[in-house]
Amino acid sequence: MYISYSHKGTYASAATSKRDGKKTSTDYRYLGRVIDRERGIYFNDDRGFFTFDPKTDTYGEVPQDFVLTSHEPRVSKGHVCVDFGDAFILNAYLYKSGLMGVVDSIPYKNRDTLHAMLLFYMLSDMANFNAIHWYEGNITRDLYPNANMKSQRINEFLASIGTAENRQAYQRAYIKYVLEHYDPDRDLLIDSSGLPNGIHMPLTGTNVHNGKVSREVRLIFVVQRKTGLPLFYQAVPGNIIDSSTLERIFLHLDSLGIDVESCIMDCGYDTGENLDLFYNEKHECCRDFITRVKSNDTELKKIILEELPKIKVKENFVKYGDRYLFVVRHPVMVGKNKDNPAWMYLGLDCDRATDEQHKLFRKAEKKNLSADDIFNAMQTMGLFGITSGKAYTCEEILPAYYQRQMAEQIFDFAKNYTKLRPLQAASEDTFQGHLLLSYIASCAVRMLQNELKTADLFLGSRLQCMRNQKCTVYENRIVTDIPQREANETYTALKIDCPASIQITNGVLQYTPPKPDDAAKKPARKKSESAASGKKTSKKQTPVENAAPKKRGRPKGSKNRKTLEREALMREQGIVEVKRGRGRPKGSRNKKTLEREAQLAAQNNVDNVS
């Protein structure tokens, strides 16, 4: 075996010659670009930088003293002014938060490509075909100089990271990261959304949702209720209905180490078989749940007939945000055999009922509706039903249920910030890699939004402002522009320093990203097993816990350090301190009284002279 070079020694292949009689044939195995011919160092997309020994036919790691010197100075490429602030602060935040370490759980050899593509998905709405143009005009090219952003290689990259093994490796590492660094609670939100898709592959199916027919892939997100962070995702064929996915979602979560404590979900998951998943054999609700009820539910129809004539009373009137509603609560039996106790809430949204009535009146003439048809249609306008395994009050049920909006926000992030749509993939493996990268970007965007929200800053506008901070590239350093007020506020909010310059040595940026800040995130105290099951247990308290709370301020009669020192000094000098009584001495006058008496005396003197 020997090394065969091509294109004037730029590329190399491992060649093996074979003889069959008088004929000789040669097999070639492509190694990649030649980095150091003398030391046998090469580079390709799959392995990154590596060594190859043709004598033993083995691959190896590059020596520790190896320094990449083959890069041309960036100034020679003509891009001397590039975008800096957005990619720099986002890259630093990913390292500082520890999420970049989770991303590296994906076993892809070329880390530069993985990291650069993640930044591209979060910062650019350009098609993947144009990733190279974004890369060359952004500081990402210097942060990750070995990234291969050419359009011919991006599909290969997505297909490589989109395997089932890589997806599971990331899911495990990410779930562990969230539960340990953010919050250990297993209170979840589950929702799904359609991704219009014309790609011919098994995941594409025909779906009918709210009367609309579309060819799509169904994407399911599981979101942690307290933090709003995604915990799990799965893509299913578009013709799969939501109600058939819940049991398997719970099995996936349990296999990944998440024992679901409570769940809020949309009406698509409201079936008897699914609600049975929340009860044990004794028909006790072992997992709290809240779900919107389908409009054709038989129990809901019974409650409407019973409560509608008398729902509009003061006792049922509640306020939620800027909405005013009438809400009543009824005990019901749910499940496939109607043997599990639950609570159903019937609500009448006043604003929604008015809007629906106005639309009905406008359509009445066009459709030639009779007065009876209009009256019958008005009876159920603005009505909705919610089922819960736990007894909430009528005031509590709406705030509890509408936490589901955080799951809808994740879909907004994925579709608007992380290039989830439109779908452009050549194969299912490429599509799965695209989903994984969009999911990772959605997780990062949500974390970043939570950080900026505490400082009353908005994610979208801040990233645009950060992009306005440029940097000038020289042969030996980059010099950053002075950050404006909006950029300074963002750096301060994320606790990231903006360098005035960064050194470049042999074409490589000498920048070390920040280490994960473990002290920044402290997970909340885990719930006890009794709390998770919904049962109250008496906990023996220690004497410290039983002690009365300490009152604010110094105890009555105590003295501070300065008072004690002054009294000790007076005792040494034999001085007796005469305590002054509180208030003004009897018969004394304040400043204003003395001034008033002086003015009266002066006026009397003038009168006497005259």
Side-chain angles (χ1 to χ4, degrees), residues 1-20 23-74 76-77 103-118 120 128-129 131-133 135-136 140-166 169 426-427 429-430 432-433 436-437 504-509:
M1 180 179 293
Y2 61 94
I3 303 297
S4 175
Y5 298 95
S6 60
H7 292 78
K8 298 181 180 181
T10 304
Y11 301 99
S13 299
T16 304
S17 298
K18 298 179 181 179
R19 181 180 292 277
D20 185 7
K23 295 182 179 181
T24 302
S25 62
T26 304
D27 296 332
Y28 294 94
R29 188 196 320 161
Y30 179 70
L31 295 177
R33 182 158 52 89
V34 179
I35 302 299
D36 191 326
R37 184 167 179 170
E38 295 181 358
R39 305 176 70 178
I41 299 176
Y42 309 94
F43 172 83
N44 63 35
D45 293 336
D46 294 332
R47 294 183 177 273
F49 292 93
F50 65 95
T51 61
F52 178 77
D53 185 4
K55 295 180 180 180
T56 59
D57 190 16
T58 56
Y59 296 91
E61 300 290 337
V62 296
Q64 294 183 356
D65 60 347
F66 169 69
V67 177
L68 184 63
T69 60
S70 60
H71 280 73
E72 299 177 359
R74 290 297 183 185
S76 65
K77 293 192 175 183
V103 174
D104 286 338
S105 64
I106 301 174
Y108 187 73
K109 295 289 185 180
N110 191 342
R111 298 295 184 196
D112 281 16
T113 300
L114 177 60
H115 296 175
M117 283 297 297
L118 177 58
F120 174 65
N128 289 349
F129 178 82
I132 186 65
H133 303 299
Y135 176 75
E136 285 298 337
T140 305
R141 71 179 193 188
D142 294 278
L143 292 171
Y144 302 109
N146 299 319
N148 193 337
M149 304 291 282
K150 294 181 180 179
S151 60
Q152 299 92 328
R153 297 290 174 260
I154 289 180
N155 280 344
E156 298 175 4
F157 159 74
L158 294 176
S160 178
I161 68 170
T163 63
E165 293 78 13
N166 288 345
S427 64
D429 288 340
T430 305
Q432 290 287 6
L436 176 60
L437 206 57
I504 295 177
T505 304
N506 294 327
V508 179
L509 193 68

Taking atom [atom1] of [X] and atom [atom2] of [Y], what is their separation to the nearest 0.5 Å?
{"X": "Leu31", "Y": "Phe43", "atom1": "CG", "atom2": "CZ", "result": "13.5 Å"}
{"X": "Leu114", "Y": "Leu437", "atom1": "CG", "atom2": "CG", "result": "7.0 Å"}
{"X": "Thr10", "Y": "Ile35", "atom1": "OG1", "atom2": "CD1", "result": "10.5 Å"}
{"X": "Phe52", "Y": "Asp57", "atom1": "CZ", "atom2": "CG", "result": "4.5 Å"}
{"X": "Arg141", "Y": "Met149", "atom1": "CZ", "atom2": "CE", "result": "13.0 Å"}
{"X": "Asn128", "Y": "Asn155", "atom1": "CG", "atom2": "CG", "result": "7.5 Å"}

Quick check: closest heavy atoms across [X] and [Y], and the distance to 0.1 Å?
{"X": "Thr140", "Y": "Ala116", "result": "CG2-CB, 3.7 Å"}
{"X": "Ser4", "Y": "Ala15", "result": "CB-CB, 4.1 Å"}
{"X": "Ala131", "Y": "Ile154", "result": "CB-CD1, 3.5 Å"}
{"X": "Ala159", "Y": "Thr430", "result": "CB-OG1, 3.8 Å"}
{"X": "Asn166", "Y": "Ser160", "result": "ND2-O, 2.8 Å"}
{"X": "Tyr11", "Y": "Arg33", "result": "CD2-CA, 4.0 Å"}

Would a distance-only check, ignoring hydrogens and angles, find a side-chain to backbone donor-acceptor pair under 3.5 Å from [X] to [Y]?
{"X": "Asn110", "Y": "Asn146", "answer": "yes"}
{"X": "Asn148", "Y": "Thr113", "answer": "no"}
{"X": "Asp53", "Y": "Lys55", "answer": "yes"}
{"X": "Arg29", "Y": "Ala14", "answer": "no"}
{"X": "Thr51", "Y": "Gly60", "answer": "yes"}
{"X": "Asn44", "Y": "Gly32", "answer": "no"}

Whether Tyr144 and His115 hold their rings parallel, tilted or perpendicular, with breakpoints at 30° and 60°: perpendicular
Non-hydrogen side-chain atoms of Lys109 and Phe50 separated by less than 4.5 Å: no
Heavy-atom side-chain proximity of Leu436 to Ile106 below 4.5 angstrom: yes
Within 6.0 Å of CZ in Phe129, more than 12 heavy atoms from elsewhere: no
Distance flag, aromatic centroids of Phe157 and Tyr108, threshold under 6.0 Å: yes
